[in-house]
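As the structure is a computational prediction, the values presented were derived from the model and not from experiment.
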Amino acid sequence: MIDRRSLLIATLAIGATPLIARTASAAPDPMSKEAVLFDPEVPVLGNRDGDVTIVEFFDYQCPYCKRAHPEVARLVREDGGIRHVMKDWPIFGPASLYASRLTLAAGQHHPKALAALMATPGRLTPEQVETALTEAGFKIAALNAAYDADSDRINGILQRNSAQAENFGLMGTPAYVIGTVLFPGVVAPADMKQAVAQARAG
């Protein structure tokens, strides 16, 4: 059965669209369904045109995120119809923030950078972040230069992710939104597969 801690997000981001139309000058709602599931600047793994979205809030130093990542990736790969939205939420300190900035600066090579850091054990120092990325074929100076050139956009992503996590009341990583259901904490593979099936059933 799906973890009973899961919460239907009807009153948060994924609820019905308000009946009152927004004016063109109205600020976008950071907790709207569009903002949470379809932020165009947040990296997407799996099928970008998939019919079910899994949003994952994670930290590169979170041992639970790293332990769960291969199982989630396997589900995404085997299903074939899942958009896996990776929302960096660097809450474990400077090394986490550094890792997020460098991987988001990797552009089209983001999946490779993410995989390299997700394969690292335990807590990280900035030096260990650099070593893992260097061993994966990246040049740290180039990633830092890419971040410096695009820092406003990258920091905006991180700020939006953090605001959403806080508005959801998340206490840590990992956390997932599957369809319209929030799962704070680790989700067993069978439960995640069931949640995907329920999201697909509508």
Side-chain angles (χ1 to χ4, degrees), residues 1-3 5-9 12-14 32-91 96 99-100 102-121 132-133 136-138 154 157-158 160-162 164-165 168 170 172-202:
M1 295 295 292
I2 292 177
D3 189 336
R5 293 176 301 166
S6 61
L7 304 173
L8 187 63
I9 317 176
L12 294 173
I14 317 298
S32 69
K33 179 178 180 180
E34 193 72 17
V36 173
L37 301 185
F38 299 102
D39 186 327
E41 296 184 340
V42 173
V44 177
L45 306 179
N47 184 347
R48 298 185 65 86
D49 298 316
D51 62 334
V52 173
T53 297
I54 295 177
V55 173
E56 177 176 347
F57 290 89
F58 72 100
D59 184 300
Y60 286 111
Q61 293 198 83
C62 168
Y64 301 104
C65 300
K66 295 179 183 183
R67 195 175 305 154
H69 185 71
E71 291 293 342
V72 179
R74 182 177 298 109
L75 172 62
V76 171
R77 183 174 62 253
E78 292 177 351
D79 181 281
I82 296 173
R83 299 175 64 252
H84 187 193
V85 179
M86 300 300 297
K87 298 217 175 200
D88 291 72
W89 188 27
I91 57 176
S96 295
S100 290
L102 291 189
T103 54
L104 289 170
Q108 64 179 342
H109 301 295
H110 171 270
K112 182 180 178 182
L114 179 144
L117 290 179
M118 282 297 198
T120 58
L133 291 174
F138 291 95
I154 291 171
I157 292 171
L158 297 175
R160 293 195 299 277
N161 293 351
S162 179
Q164 289 169 1
F168 282 138
L170 300 181
T173 54
Y176 306 89
V177 177
I178 306 174
T180 58
V181 181
L182 176 65
F183 294 82
V186 175
V187 182
D191 290 344
M192 186 168 286
K193 189 172 183 178
Q194 180 185 354
V196 168
Q198 290 183 352
R200 188 165 279 138

Counting C-beta onward and ignoring hydrogens, is there a side-chain heavy-atom pair between V85 and I54 closer than 4.5 Å?
no

State, yes or no, whether a side-chain contact exists between V44 and H84 at a heavy-atom distance under 4.5 Å.
no

Least distance between heavy atoms, L117 atom then A132 atom
CD2-CB, 3.8 Å

Value rounded to 0.5 Å, distance of CG in D39 from NZ in K87
5.5 Å

Distance from S100 atom OG to Q61 atom CD, nearest 0.5 Å?
9.5 Å

Is there any salt bridge (charged side-chain N to carboxylate O under 4.0 Å, His left out) pair reaching into residues 103-120, and which pairs are they, with sequence neighbours excluded?
none

Check whether any side-chain heavy atom of L158 lies under 4.5 Å from a side-chain heavy atom of P90, and answer yes or no.
yes

Should C62 and P174 count as side-chain neighbours, where that means a heavy-atom distance under 4.5 Å?
yes

dist M86:CE -> T103:OG1 (nearest 0.5 Å) comes out at 9.5 Å

Enumerate the residue pairs fulfilling side chain to side chain donor-acceptor pair (under 3.5 Å) with a member in residues 40-50, sequence neighbours excluded, ordered by first and then second residue.
E41-R160

For A35, side chain to side chain contact (heavy atoms under 4.5 Å, CB included) partners two or more places apart
S32, Q164

In Å and rounded to the nearest 0.5 Å, what is the CG to NE2 distance from L45 to H110?
7.0 Å

Checking S96 against D59: is there a side-chain donor and acceptor pair closer than 3.5 Å?
yes

Can you check side chain to side chain contact (heavy atoms under 4.5 Å, CB included) on L75 and K193, steps first, answer last?
CA-CA 7 Å; L75 172 62; K193 189 172 183 178; 4.2 Å; yes

If you look at every heavy atom in I91 and G172, which pair is closest and at what distance?
CD1-CA, 4.0 Å

Under the rule for side chain to side chain contact (heavy atoms under 4.5 Å, CB included), what residues qualify as partners of V52, not counting sequence neighbours?
V196, A199, R200

Rounded to the nearest 0.5 angstrom, the OG1-CD distance for T180 and Q198 is 10.0 Å

Under 3.5 Å, which donor-acceptor pairs do the side chains of residues 64-72 form with other protein atoms, sequence neighbours left out?
from: K66; atom 1: NZ; to: Y60; atom 2: O; distance (Å): 3.0
from: K66; atom 1: NZ; to: T120; atom 2: O; distance (Å): 3.1
from: K66; atom 1: NZ; to: T120; atom 2: OG1; distance (Å): 2.9
from: K66; atom 1: NZ; to: G122; atom 2: O; distance (Å): 2.7
from: E71; atom 1: OE1; to: R74; atom 2: NH1; distance (Å): 3.0
from: E71; atom 1: OE2; to: R74; atom 2: NH1; distance (Å): 3.1

Nearest-0.5 Å distance that lies between atom CG in D51 and atom CG in D79:
7.5 Å

Are any non-hydrogen side-chain atoms of I178 and F183 less than 4.5 angstrom apart?
yes

Excluding sequence neighbours, so at least two apart, what forms side chain to side chain contact (heavy atoms under 4.5 Å, CB included) with L170?
F57, W89, A165, F168, A175, L182, P184

Start with the C-alpha gap between F58 and D88, add the side-chain angles, then the distance that decides, and say whether side chain to side chain contact (heavy atoms under 4.5 Å, CB included) holds.
CA-CA 5 Å; F58 72 100; D88 291 72; 3.6 Å; yes

